[in-house]
Amino acid sequence: TRCGNNTREGAEVCDGTDIGTRTCVAEGFLSGTLGCAAGCGAYDTSACSMGAVPTAGQVVITEIMPDPATVSDMTGEWFELQNTSAGPVELQGCEFGDNVTPTPNTFIVESSVLIPAGGFVTFAKSTMAGFTASYVYPSGWTLANTSADEVRLRCGGVTIDSVIFTSAFGFASGASMSLDPGSTNA
């Protein structure tokens, strides 16, 4: 047998991308992507999570800062999410998008973002947003200040939450838009 050829052979548990039918769930986790450890004798669970993939309404977009005043839009845009479920949820692999047509701007959450039950996380455009964000998203993904825009979260092809906003919302430079805390049921 030869470890590293992406084909399980002999006593190998896995080999590269060939992990058989095993999943993170089978390994005792709630979600994630199972891999193969070096040497082909064990699974790599480093991308597995104890958070479940959220379903529609379990994660709510609670606050959006599209037009910061103390720093530029390129460094200071951000948004906040809340887990409204009774258990932890994992956003790794989920997609954020907007309503740009004909092709929406999107980004995939590439690393673990675990939100505890009832907890909050923030996504920012840079590490210089004025606080430590839970996740820094690609600089090419922007929030509009004067035209209609959207922040949309999709996980596993399901829309979890979406906020469409325009300048008619009345937000001003340096002021975020915030969801009424009593309105977190999507």
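Position 1 is the first residue of the sequence, and the numbers go up from there. Just the heavy atoms: all of them, side chains too, but no hydrogens, waters or symmetry mates, feed the values below.
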- Query: Centroid-to-centroid, W141 to Y135, below 6.0 Å?
  - Reply: no

Verify whether the ring centers belonging to F96 and Y137 lie closer than 6.0 Å.
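Distance test on ring centres: not under 6.0 Å, no.
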
Close side-chain approach of [X] and [Y], heavy atoms under 4.5 Å:
| X | Y | value |
| --- | --- | --- |
| W78 | K125 | no |
| N83 | P116 | no |
| L153 | L91 | yes |
| T55 | V158 | no |
| D73 | P68 | yes |

To the nearest 0.5 Å, tell me how far [X] [atom1] sits from [Y] [atom2].
| X | Y | atom1 | atom2 | value |
| --- | --- | --- | --- | --- |
| T33 | D44 | OG1 | CG | 10.5 Å |
| E95 | R152 | CD | CZ | 6.5 Å |
| L143 | D98 | CG | CG | 8.5 Å |
| N99 | D149 | CG | CG | 5.5 Å |
| T142 | E77 | OG1 | CD | 6.0 Å |
| D161 | Q82 | CG | CD | 11.0 Å |

Do [X] and [Y] belong together in a cluster built from hydrophobic side chains that touch within less than 4.5 Å?
| X | Y | value |
| --- | --- | --- |
| F107 | V59 | yes |
| M50 | I115 | no |
| I160 | V109 | yes |
| M65 | F79 | no |

What heavy-atom pair brings [X] and [Y] nearest, and what distance separates the two atoms?
| X | Y | value |
| --- | --- | --- |
| S49 | F29 | O-CB, 3.3 Å |
| V13 | G41 | CG2-O, 3.3 Å |
| A124 | A133 | CB-CB, 3.6 Å |
| G16 | N6 | CA-OD1, 3.2 Å |
| P66 | M177 | CG-CE, 3.9 Å |
| L34 | R22 | CD2-CB, 3.5 Å |

Under a 3.5 Å distance rule, please check whether [X] uses its side chain to pair with a backbone N or O of [Y] as donor and acceptor.
| X | Y | answer |
| --- | --- | --- |
| S31 | G51 | yes |
| S178 | E63 | no |
| S139 | S126 | no |
| D18 | G20 | yes |

Problem - Derivation of the side-chain contact (heavy atoms from CB on, under 4.5 Å) call for V113 and F123 - result: CA-CA 10 Å; V113 178; F123 282 66; 4.2 Å; yes

Test: C3-C40 SG spacing under 2.5 Å: yes

Using only heavy-atom distances, determine whether the side chains of [X] and [Y] contain a donor-acceptor pair under 3.5 Å.
| X | Y | result |
| --- | --- | --- |
| S162 | E150 | yes |
| Q92 | S112 | no |
| T45 | E27 | no |

According to side-chain contact (heavy atoms from CB on, under 4.5 Å), who are the partners of S173, at least two apart in sequence or on a separate chain?
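Partners of S173 under the side-chain contact (heavy atoms from CB on, under 4.5 Å) test: D67, A69.
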
